[in-house]
Number of protein chains: 2
Amino acid sequence: MKLTTKGRYAVMALADLANFNKANPVPLRDISFRQGISLFYLEQIFLKLKKHNIVRSIRGSGGGYILFKNADELKLSEIFFAVDEKVKTINCNKDSKKGCNGKLSKCITHNLWDELDLHINSFFENKKLSELTKTQNKKL
Amino acid sequence: MKLTTKGRYAVMALADLANFNKANPVPLRDISFRQGISLFYLEQIFLKLKKHNIVRSIRGSGGGYILFKNADELKLSEIFFAVDEKVKTINCNKDSKKGCNGKLSKCITHNLWDELDLHINSFFENKKLSELTKTQNKKL
DNA sequence: TATATACCCGAGTAAAATAGTCAAGATTAA
DNA sequence: TTAATCTTGACTATTTTACTCGGGTATATA
């Protein structure tokens, strides 16, 4: 059970962005360099972030990305959703609409996984991007 | 972010086992049939469960598996650990012992993932196998 | 003792997911 | 006009997952 790099990099990159977002747009090149993430891969990720209105882009020389809303209004759940990092611990209900594993009834553990999903999602729902940059700033 | 089938099947199989564990050992063949899990795969899983003293085996005709301890004493975290379903949301610290991504310092988000791991693990720590079988019994 | 029923265990493999790369473009500031 | 930067879709290598398989060993019971 682990996150994909997409979810992880998205959060890292946005935290970086929030730190340098004071006045000017931040180019991916900079984020790539500072965070050690492939530029190509970042492009892919930011495309999704843009589509979901997490960031706004400015093209051309001197361009880059800026946050669409303030870091203290941006929930991690929004970020994960944008890059398809969905918390869905299992995949019952694949074949039939009613039950799990092709059977008619729910599997014994079905409710458990639902609870787990809720438990994990609550973590992301209650966490704002600003909480990361704050701890970062304290250290500096 | 999702569980592997190993962790999921392990919990399903043990919940099934707990339901039929009254007097006699339960053969994997039965669990395989009832839960719709491949027998070969179950063998692999139960080998691990046995090594970690989650279950005890009785060989030969009339044999099978029984729970090593009572279902209300068995934490889900023990089960997941036994089948290598480790909750480790990311893998910082792979190269160097000090930092993440080959850098010297921790990455911005490092503490976040630690928190997340703790959050998820607490769910499994506080959940007993008996809590699954109970809801099952209510329905019957 | 023969036989069927089970567990035991290591090795192998197909499919899916992940992680990342690449090429060819479109905009725009300087 | 040129360099910087975002835009987009397609492609690929690697890793992980989810099994499968074969050839055992132990034991109850007929």
Side-chain angles (χ1 to χ4, degrees), chain A residues 1-10 12-13 17 20 23-33 35-68 80 83-91 94 101, chain B residues 1-10 12-13 17 20 24-33 35-68 80 83-86 88-91 94 101:
Chain A
M1 166 172 255
K2 60 177 188 189
L3 290 175
T4 66
T5 53
K6 239 162 199 161
R8 188 156 61 94
Y9 288 169
M12 286 175 69
L17 186 54
F20 290 86
N24 306 103
V26 180
L28 291 187
R29 169 182 299 282
D30 291 2
I31 298 179
S32 165
F33 178 74
Q35 301 301 326
I37 303 169
S38 146
L39 177 61
F40 290 134
Y41 204 24
L42 274 181
E43 285 179 345
Q44 217 181 86
I45 291 166
F46 271 74
L47 206 64
K48 289 170 184 247
L49 293 175
K50 194 197 161 191
K51 270 181 190 152
H52 288 266
N53 289 328
I54 309 286
V55 294
R56 202 159 67 78
S57 69
I58 289 110
R59 289 181 134 198
S61 177
Y65 287 94
I66 57 177
L67 286 176
F68 204 87
F80 282 125
V83 296
D84 294 315
E85 180 81 76
K86 47 193 164 302
V87 176
K88 201 79 196 83
T89 48
I90 55 155
N91 44 0
K94 223 169 192 177
N101 297 337
Chain B
M1 167 172 251
K2 61 180 186 189
L3 289 175
T4 66
T5 53
K6 238 164 199 160
R8 188 156 61 95
Y9 288 169
M12 286 175 69
L17 186 54
F20 289 86
N24 305 105
V26 180
L28 291 187
R29 168 180 300 281
D30 290 4
I31 299 179
S32 165
F33 178 75
Q35 301 301 325
I37 304 169
S38 145
L39 177 60
F40 290 133
Y41 203 25
L42 273 181
E43 284 181 345
Q44 217 182 85
I45 291 167
F46 271 74
L47 209 64
K48 289 172 185 247
L49 293 175
K50 195 197 160 191
K51 271 181 188 151
H52 288 266
N53 289 326
I54 309 286
V55 294
R56 202 158 66 79
S57 69
I58 289 111
R59 288 182 134 198
S61 178
Y65 287 93
I66 57 178
L67 286 175
F68 203 87
F80 282 125
V83 297
D84 294 315
E85 179 80 77
K86 43 193 167 302
K88 200 79 196 83
T89 47
I90 56 154
N91 43 0
K94 223 169 189 179
N101 296 336

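Owing to the predicted nature of the structure, the values given are computational and were not obtained by experimental measurement. Labels below follow one simple rule: chain letters A, B, ... track the order of the sequence lines, proteins then strands, and each chain is numbered from 1.
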### Query
What closest approach, in Å, do B/Thr4 and B/Glu85 show between heavy atoms, and which atom pair accounts for it?
OG1-OE1, 2.6 Å
### Query
In whole Å, what is the span from the CE atom of B/Met1 to the P atom of C/dT18?
12 Å
### Message
If you define the side chain from C-beta out and look only at heavy atoms, does anything of A/Ile31 sit under 4.5 Å from A/Phe20?
### Response
no
### Message
So, does B/Tyr9 get its side chain near the phosphate of D/dT17, meaning an N or O under 4.0 Å from OP1 or OP2?
### Response
no
### Query
When the distance from CG of A/Asn24 to C1' of D/dA4 is rounded to whole Å, what number comes out?
15 Å
### Task
Figure out the CZ/P separation between B/Phe40 and C/dC8, and round it to whole Å.
16 Å
#### Entry: Whole-Å distance separating the CZ atom of A/Arg56 from the P atom of D/dT7
12 Å
### Message
Can you see if the side chain of A/Ser38 gets near the phosphate of C/dA19 - specifically, an N or O under 4.0 Å from OP1 or OP2?
### Response
no
Under-3.5 Å N/O pairs linking protein and nucleotides 1-5 of chain C:
from	atom 1	to	atom 2	distance (Å)
C/dT5	O2	B/Ser61	N	3.1

#### Entry: d(CG, A/Leu42; C1', C/dT21) in whole Å
13 Å
### Task
Would you kindly give the OH-to-P distance between B/Tyr41 and C/dC9, to the nearest whole Å?
19 Å
Quiz: residues 41-56 of chain A side-chain donor-acceptor pairs under 3.5 angstrom, not counting sequence neighbours:
from	atom 1	to	atom 2	distance (Å)
A/Tyr41	OH	A/Thr5	OG1	3.0
A/Gln44	OE1	A/Lys6	NZ	3.2
A/Lys48	NZ	A/Asp84	OD2	2.7

### Query
How long is the span from the CE atom in A/Met1 to the NZ atom in B/Lys86, to the nearest 0.5 Å?
13.0 Å
### Query
Who pairs with B/Pro25 by side chain to side chain contact (heavy atoms under 4.5 Å, CB included), at least two apart in sequence or on another chain?
B/Ile58, B/Ile66
Within the sub-3.5 Å range, which N or O atoms of nucleotides 8-14 of chain D have a protein N or O partner, and how far apart are they?
none

#### Entry: side-chain N/O A/Thr4 vs C/dA17 OP1/OP2, d < 4.0 Å
no
### Query
Within this structure, what is the CZ-to-C1' distance between B/Arg8 and D/dC19, rounded to whole angstrom?
13 Å
### Message
Between B/Ser32 (side chain only) and B/Ile37 (backbone N and O only), is there a donor and an acceptor less than 3.5 Å apart?
### Response
yes
### Message
Measuring from atom CD of A/Gln35 to atom CG of A/Leu17, what distance do you get when rounded to the nearest 0.5 angstrom?
### Response
10.5 Å
### Task
Could you check A/Leu39 against A/Ile58 and say which one's nearest nucleotide on DNA chain C is further toward the 5' end?
A/Leu39
### Residues in side-chain hydrogen bond (donor to acceptor under 3.5 Å, both in side chains) contact with B/Asn24, at least two apart in sequence or another chain
none
### Query
For A/Thr5 and C/dG20, is the shortest distance between a side-chain N/O and OP1 or OP2 below 4.0 Å?
yes
### Task
Looking only at non-hydrogen atoms, find the nearest pair between A/Gly7 and A/Val83 and report the distance.
CA-CG2, 3.9 Å
### Between C/dC8 (P) and B/His52 (NE2): distance, integer Å
14 Å
### Task
Give A/Phe46 one of three labels, base, sugar-phosphate or nothing, depending on what nucleic acid heavy atoms sit under 4.0 Å from its own.
nothing
### Message
If the cut-off is 4.0 Å, is A/Ser57 near the phosphate of D/dT5, judged by side-chain N/O to OP1 or OP2?
### Response
no
